[in-house]
Amino acid sequence: MWQPTNTPEEDRLRKLHELLEQGISPYPNRVTRTHTARQAVAAFEAAEAAQSADPSLVTVSVCGRIVRQNLKGKVYFAHIEDGTGRVQLFVRIDRVGEAAYDLVRRHLDLGDFVQASGAMMRTRAGEVSVLVDKIVLLAKALSPLPVIKERVNEDGTVERYGAFSDVEERYRQRYADLAVNPDTREVFRKRAQTINALRTFLDEHGFLEVETPILQPIYGGAAARPFITHHNQLHQDLYLRISFELYLKRLLVGMYDAVYEIGRDFRNEGVSFKHNPEFTQLEFYQAYTDYHGMMDLTERMVAYAAQRVNGSTIITFEGHTIDLTPPWQRITLREAIKSRSGIDYVDYPDAPSLRQAMLAAGLQTRPDATWGKLVDTLLGDTVEPTLIQPTFVLDYPRDISPFAKSVPGDPTHVERFELFIGGIEMGNAFTELNDPLDQEARFLEMHRLYREEDDEATPIDEDYLRAMRYGMPPCGGCGIGVDRLVMLLTDRSTIREVLLFPHLRERQS
RNA sequence: GGGCGUGUAGCUCAAUGGCAGAGCAGUGGCCUUUUAAGCCAUUGGUUGCAGGUUCGAGUCCUGCCACGCUCACCA
């Protein structure tokens, strides 16, 4: 059984017991709400504006959490807040009677939920308020939330005094963060709007939303270590998906022209400001197009989401003004790296020579890195941080892109792009490889590479190859990191600020 | 995993190696139009955990835990 751990909790528990002794339930079953906080204020102001109506005849029953209270002798003011906003309660002892007033004075705390009914009025100070006839406790708060006081300035801006800012506690107790920090609530509203906008855009462009397995017998579609779990009755190890790619492309074999999925991917890798072990991915695939089609669609979709969420395609991110208005800059990976590092990697066709060139340029490399990984290092270290404005980087080395079609006449490169905005990778797309024999060869090549590194054996998905042998239409596919997109649209510098419950290490002792 | 940093009251923060404090919240009192209300009084601490140095440790040292930044890792 829970025990108070501090004086405020002891006081609140005592009040709860006193209420029970008076026969008052601190957690009643029934509640009556006629108006939200916002509606109550709006109804009064509308009556004020309409000369014909008597605003004092506007009666309401409002519900919410007490976020400010001011006991002033025989009158009591409180602000209650619900999901729509705040409204002030004005309680007078001569109106509610001594018994009810005593309950208000002795037993209500910041954080409690109450229901108040009465007529709307305007105080002498001018604030629209509920002149309370009856007030009912709806839920007692036994633990105190951080107290944040607000002052509304002349110009309407809100200044906040006090804070709940400890990052760890905000994440571990997100409910408390949300309860007291309206800015946090706004982030997750925008997150929902973002996802809704992506979905709406794709729906309106002929895409079918689908759901594919999260528990997969063979993981694939990306290079990452998986989480492993086990089905007891089937005696089968299963993997939490690291991407949706291979299942979604099976659906193009199945004659859907365009499909997408928004869902969770799981990667058993390190965490960082842009990595969480589970994250939300959007992948969409469209037949009869290629990566150019994916670029066109992607830039329009992201611009649409920005417009829907922020009302503009021009946003601010980490102090940068970023213009998401299409069309976006396109540059080949080769040109991008050459312009930033001075290294034209095609001049160094094998890992040892490229590594030498990179070392000569003062770049750090891993001695065991493959040629493709070295190119990727060049991208990450010299190019990625410079790509603040939205930029498609095109044409990647074949040996780090096993699902992309080759660039015609170019044995080195495949038709792939990655999308960068604000210096962060936002997406990855290919002209999808639909040649089953070439795909099998790529699988075998990757399998060999990873076995050499003895890091993660990439399993070969024979069923995917079988699907492709039935014929897969030419298509483009793209994956978008939804959390990162939300970071961009809400100007948050870490992924944890846009995840309601980010992964944290379990607390010991 | 490495480096740097942080951890003190419910919240936000102070405290030269020398009595562990403030504001807000809480408690008691005054106050019938307050709004960061005000005034008077007052409660609240295993200073993340475990050791060590010292006459004396929140402070210095070691280890551990958690978090942040960063590097590595991450096609």
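Just so it is clear, the model here is predicted, and its values are computed rather than measured. Each chain gets a letter, A, B and so on, in the order the sequences are listed, and its residues count up from 1.
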Note to self: Among B:rU34, B:rC74, B:rC11, which nucleotide has an atom closest to any side-chain atom of A:P146?
What the structure shows: B:rC11
Margin query: Is it true that A:K405 and A:N434 share a donor-acceptor pair across their side chains at a distance under 3.5 Å?
Written below: yes
Margin query: If I pick the C1' atom on B:rA15 and the same atom on B:rG7, what distance separates them, to the nearest angstrom?
Written below: 16 Å
Note to self: Base, sugar-phosphate or nothing for A:P397? Non-hydrogen atoms, less than 4.0 Å.
What the structure shows: nothing
Check: Between A:R170 and A:E497, does at least one N-O distance fall below 4.0 Å, as a salt bridge requires?
Finding: yes
Notebook entry, point to check: Below 4.0 angstrom from OP1 or OP2 of B:rC67, is there any side-chain N or O of A:R505?
Noted result: yes
Margin query: Between the base of B:rU27 and the side chain of A:R14, is one N or O donor paired with an acceptor at under 3.5 angstrom?
Written below: no
Next item on the list: Find the partner of B:rC60: check Watson-Crick (N1-N3 plus N6-O4 or O6-N4) and G-U wobble (N1-O2, O6-N3) distances, both under 3.5 Å, and reply none if neither fits.
Entry: B:rG52
Check: Is any side-chain nitrogen or oxygen of A:R225 closer than 4.0 Å to OP1 or OP2 of B:rC73?
Finding: no
Checklist line | A:V75, nearest nucleotide to its side chain (from B:rA36, B:rU32, B:rU27) | finding: B:rU32
Next item on the list: With a 3.5 angstrom cut-off on both distances, give the Watson-Crick or G-U wobble partner of B:rG7, or none if there isn't one.
Entry: B:rC65
Next item on the list: Output yes when A:K15 and A:D11 qualify as a salt bridge under the 4.0 Å nitrogen-oxygen rule, no when they do not.
Entry: no
Notebook entry, point to check: With a non-hydrogen cut-off below 4.0 angstrom, is A:L504 in contact with a base, only sugar-phosphate, or nothing?
Noted result: sugar-phosphate
Check: Looking at the side chain of A:H275, which of B:rC74, B:rA36, B:rU35 is the nearest nucleotide?
Finding: B:rC74
Next item on the list: Could you give the distance separating B:rG56 and B:rA14 at their P atoms, to the nearest angstrom?
Entry: 29 Å
Notebook entry, point to check: Would you call A:R185 and A:E81 a salt bridge, taking side-chain N to carboxylate O under 4.0 Å as the test?
Noted result: yes
Item checked: Any strand: nucleotide that pairs with B:rC30 via Watson-Crick or wobble, under 3.5 Å -> B:rG38
Next item on the list: May I ask you to verify if any side-chain N or O of A:K72 is less than 4.0 angstrom from the OP1 or OP2 atom of B:rU33?
Entry: yes
Notebook entry, point to check: When all nucleic acid strands are considered with a 4.0 Å heavy-atom cut-off, which category describes A:Y161: base, sugar-phosphate, or nothing?
Noted result: base
Check: Does OP1 or OP2 of B:rA37 have a side-chain N or O of A:K149 closer than 4.0 Å?
Finding: yes
Item checked: Proximity to the side chain of A:Q88 - top-ranked nucleotide from B:rC24, B:rU33, B:rU35 -> B:rU35
Next item on the list: Indicate, with a heavy-atom threshold strictly under 4.0 Å, whether A:F90 touches base, sugar-phosphate, or nothing.
Entry: base
Note to self: Considering every strand and a 4.0 Å limit on heavy-atom distances, what is the contact class for A:N70: base, sugar-phosphate, or nothing?
What the structure shows: base
Item checked: Interatomic distance, A:R105 CZ vs B:rU34 C1' [rounded to whole Å] -> 17 Å
Item checked: Single hit among A:R267, A:R264, A:H503 for side-chain hydrogen bond (donor to acceptor under 3.5 Å, both in side chains) with A:E278 -> A:R264
Notebook entry, point to check: Can you find a side chain N or O atom of A:R92 that sits less than 4.0 Å from OP1 or OP2 on B:rU33?
Noted result: no
Next item on the list: Could you work out the separation of B:rC71 and B:rC39 based on their P atoms and round it to a whole Å?
Entry: 49 Å
Note to self: Can you check the distance between B:rC13 and B:rA50, where both ends of the measurement are the C1' atom (answer in whole Å)?
What the structure shows: 27 Å
Check: Does A:R124 have a side-chain nitrogen or oxygen under 4.0 Å from the phosphate oxygens OP1 or OP2 of B:rU34?
Finding: no
Check: CG of A:D381 versus P of B:rC74: gap in Å, rounded?
Finding: 12 Å
Note to self: Within the 4.0 Å heavy-atom criterion, would you say A:I148 contacts the bases, only the backbone, or no part of the nucleic acid?
What the structure shows: nothing
Note to self: So A:R366, base contact, sugar-phosphate only, or nothing? Heavy-atom distance under 4.0 Å.
What the structure shows: sugar-phosphate
Next item on the list: Pick the P atom in B:rU33 and in B:rA9, then give their distance to the nearest Å.
Entry: 38 Å
Next item on the list: State, with a plain yes or no, whether a side-chain heavy atom of A:L379 is found less than 4.5 Å away from one of A:E425.
Entry: no
Notebook entry, point to check: Roughly, in whole Å, what's the span from CZ in A:F227 to P in B:rC74?
Noted result: 16 Å
Item checked: Interatomic distance at P, B:rU70 relative to B:rC55, whole Å -> 43 Å
Margin query: Return the pairing partner of B:rG1 with a 3.5 Å limit on both distances, Watson-Crick or G-U wobble; otherwise return none.
Written below: B:rC71
Checklist line | Worked verdict on A:W371 versus A:T412 for side chain to side chain contact (heavy atoms under 4.5 Å, CB included) | finding: CA-CA 11 Å; A:W371 185 83; A:T412 315; 3.7 Å; yes
Checklist line | Of A:G221 and A:Y171, the one whose closest RNA chain B nucleotide lies more 5' | finding: A:Y171
Notebook entry, point to check: Can a donor-acceptor pair be found between the side chains of A:H275 and A:E269 at a distance below 3.5 Å?
Noted result: no
Checklist line | Ion pair A:D177/A:R174, N-O distance below 4.0 Å | finding: yes
Next item on the list: Determine the Euclidean distance between corresponding P atoms of B:rA25 and B:rC60; express it in Å to zero decimal places.
Entry: 33 Å
Item checked: Pairwise 5' ranking along RNA chain B for A:E150 and A:F403, keeping only the more 5' one -> A:E150
Note to self: Below the 4.0 Å mark, does B:rC74 have OP1 or OP2 next to a side-chain nitrogen or oxygen of A:K373?
What the structure shows: yes
Item checked: Phosphate contact (B:rC30 OP1 or OP2) by A:K74 side-chain N/O below 4.0 Å -> no
Check: Can you tell me how far P of B:rU12 sits from CZ of A:R170, to the nearest Å?
Finding: 11 Å
Next item on the list: Just compare B:rU27, B:rU32, B:rC67 and give me whichever is closest to any side-chain atom of A:I93.
Entry: B:rU32
Notebook entry, point to check: What is the nucleic acid contact for A:A163, judged by heavy atoms within less than 4.0 Å: base, sugar-phosphate only, or nothing?
Noted result: sugar-phosphate
Check: The side chain of A:A125 lies closest to which of these nucleotides: B:rU34, B:rA25, B:rC67?
Finding: B:rU34
Next item on the list: Verify the contact: side-chain N or O of A:R106 to OP1 or OP2 of B:rG29, cut-off strictly under 4.0 Å; return yes or no.
Entry: yes
Check: Contact class for A:D166 (heavy atom, under 4.0 Å): base, sugar-phosphate, or nothing?
Finding: sugar-phosphate
Item checked: Electrostatic pair A:E48:A:R122 at N-O distance under 4.0 angstrom -> yes
Checklist line | Distance in angstrom units between A:F164 CZ and B:rC11 P, rounded | finding: 7 Å
Margin query: Applying a 4.0 Å non-hydrogen cut-off, can you work out what A:T494 is touching in the nucleic acid: base, sugar-phosphate, or nothing?
Written below: sugar-phosphate
Notebook entry, point to check: Does the base of B:rU33 carry an N or O that pairs as donor and acceptor with the side chain of A:E127 under 3.5 Å?
Noted result: no
Check: Can you tell me if the side-chain N/O atoms of A:K15 get under 4.0 Å from OP1 or OP2 in B:rU27?
Finding: yes
Margin query: Classify A:S272 by what it touches in the nucleic acid, base, sugar-phosphate, or nothing, heavy-atom distance under 4.0 Å.
Written below: nothing
Margin query: Would you measure the distance from the C1' atom in B:rC69 across to the matching atom in B:rG28 and give it in whole Å?
Written below: 46 Å
Notebook entry, point to check: Is A:Q69 near enough to B:rG26 that one of its side-chain N or O atoms lies under 4.0 angstrom from OP1 or OP2?
Noted result: yes
Next item on the list: Look at all strands and tell whether A:R416 reaches a base, only sugar-phosphate, or nothing, counting heavy atoms closer than 4.0 Å.
Entry: sugar-phosphate
